[in-house]
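Quantities reported herein were computed from a predicted structural model and do not represent experimental measurements. Here is how names work: the chains are called A, B, and so on, in the same order as the sequence lines, proteins then strands, and each is numbered from 1. Hydrogens, waters and symmetry mates are skipped; everything else that's a heavy atom, side chains included, is used.
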Number of protein chains: 2
Amino acid sequence: MERNLSLNLHVLTARLDRAADRILRAEHGISYSRFLALTLVGELGASTQRTLAEYLGVTEPSVSRMTGVLAADGLLDVQPDPAGGNRRRLSLTDAGKRRVTSIRQEFEDRLAAVVAESGVPYAEYAEHTARLLATFDRLEREAGK
Amino acid sequence: MERNLSLNLHVLTARLDRAADRILRAEHGISYSRFLALTLVGELGASTQRTLAEYLGVTEPSVSRMTGVLAADGLLDVQPDPAGGNRRRLSLTDAGKRRVTSIRQEFEDRLAAVVAESGVPYAEYAEHTARLLATFDRLEREAGK
DNA sequence: TTGGCTAAGTTAGCATGCTAAGTTATCCCC
DNA sequence: GGGGATAACTTAGCATGCTAACTTAGCCAA
């Protein structure tokens, strides 16, 4: 068996995530997962836990636990949604905003440097990856998931 | 912030891994992680825990625990390496071999179907992914890691 | 030969993913 | 208005990743 695409994707991403996590913990005192959650709330408007779970690609229980921790750390504000339902309204605290804005661009730049070094055309690879994600998303939805 | 490349890679892989895990557990009664480990021992000749950790892109303690479980399940044989050192010599049991060979090609085929559906050129994407992994690997090694 | 170095593996404990099952809030139909 | 759906969330417990620190086995130089 050659190292096939699914394995390479798995391993590449595992290494990138691990590196991101190491850098963030060392330089900013926060895990990659928590940073992603804060970023998605702050910049993509993930305003409920359900939405945040979708953006992150994880399940609701995972998000539920994490929002609890982030709220306890004073980085995230979690309130019942005044519009009703059983939703939580998520928003960054000032401390959360400071944390996110002080970091945001760094990773993409570092990854872009790796991509440049490798000779892989960035725009094309990014577009292909986005397209695969969108297609996989659609197929899972159609399959009833 | 747009959904950038690092986030898309993270989420795409998380979903692929989750789907693979669901399918394997339902249809073959084994987790994706354990299947990958068995496959790499059987087909790429990962003959020590150190090597297996490298192939999988995880750390030695993670592998150490998993080989223990796989050995307890009777799928993997773990022996002190007769050549000396503190190595373990890893090999599939007959049950392990049966498990792997009955599954192997399925995932790559399913992923290839998603790729085809998306219109992304498979060979090119696979080659780019492999190149990124190789480059990242080299950069980490050079950085002393 | 012995004391330290290195490589490989293990143990302990935490972070964060999951599924299954339960809770809470709203809606809608009779 | 009451009862069952539905959606969002939580709780419980397991799987598997990590780091830090320890153990084990062999090697090498004084």
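Between A:His10 and A:Val78, the residue anchored closer to the 5' end of DNA chain D is A:Val78, taking for each the nucleotide with the nearest heavy atom. Residue whose closest nucleotide on DNA chain C sits further toward the 5' end, between B:Ser64 and A:Ser33: B:Ser64.
For the OP1/OP2 pair of D:dC18 and a distance below 4.0 Å, the side-chain nitrogens and oxygens of B:Ser62 include at least one atom meeting the criterion. Side-chain N/O atoms of B:Arg88 include one lying less than 4.0 angstrom from OP1 or OP2 on C:dT10. OP1 or OP2 of C:dT10 sits under 4.0 Å from a side-chain N or O of B:Gln49. The side chain of A:Ser31 places an N or O atom within less than 4.0 Å of a non-bridging phosphate oxygen (OP1 or OP2) of C:dT16. At C:dT19, none of the side-chain N or O atoms of B:Arg18 fall inside 4.0 Å of OP1 or OP2 (strictly under the cut-off).
Here the side chains of A:Asp21 and A:Phe35 are not in contact, with every heavy-atom distance at 4.5 Å or above. Between A:Arg34 and A:Leu70 the shortest side-chain heavy-atom distance falls below 4.5 Å.
Between the OH atom of B:Tyr55 and the C1' atom of C:dA8 there is a distance of 17 Å, rounded to whole Å. A:Arg22 has its CZ atom 10 Å from the P atom of D:dC18, to the nearest Å. Distance, B:Ile30 CD1 to D:dA15 C1': 13 Å, rounded to whole Å. For A:Asp17 and C:dA15, the CG to P distance is 18 Å, given to the nearest whole Å. If you measure from atom CG of A:Leu52 to atom C1' of D:dA8, you get 13 Å, rounded to the nearest angstrom. One interatomic measurement links the two molecules: CG of A:Asp21 to C1' of D:dC18, which rounds to 8 Å at whole-angstrom precision. Nucleotide D:dC9 holds its P atom 13 Å from the CD atom of A:Gln79, rounded to whole Å. Regarding B:Glu60, its CD atom lies at a distance of 11 Å from the P atom of D:dT19, rounded to whole Å.
Within 4.0 Å of A:Arg34, counting heavy atoms only, lie sugar-phosphate atoms of the nucleic acid but no base atom. Among the heavy atoms of the strands lying under 4.0 Å from A:Thr59 is at least one base atom, whether or not backbone atoms are also near.
When distances run from any side-chain atom of A:Arg87 to the nucleotides D:dC9, D:dG17, C:dT16, the shortest one goes to D:dC9. Considering only side-chain atoms of B:Thr48, the nucleotide from C:dG9, D:dC9, C:dT19 that sits closest is C:dG9. Nearest nucleotide to the A:Asn86 side chain, out of D:dA25, D:dC9, D:dA15: D:dC9. Looking at the side chain of A:Pro61, the nearest of the listed nucleotides C:dG9, C:dA20, D:dT19 is C:dA20.
A donor-acceptor contact under 3.5 angstrom links the side-chain atoms of B:Arg65 to the base of D:dG17.
A salt bridge links A:Glu27 to A:Arg110: one of the charged nitrogens lies within less than 4.0 Å of a carboxylate oxygen.
Judged purely by atom type and a 3.5 angstrom limit, A:Asp73 has no side-chain atom pairing as donor or acceptor with the backbone of A:Leu75.
With 3.5 Å as the limit, one finds a donor-acceptor pair spanning the side chains of B:Gln49 and B:Thr67.
Contact detail for B:His28 and B:Arg99: the closest heavy-atom pair is O-NE, 3.4 Å.
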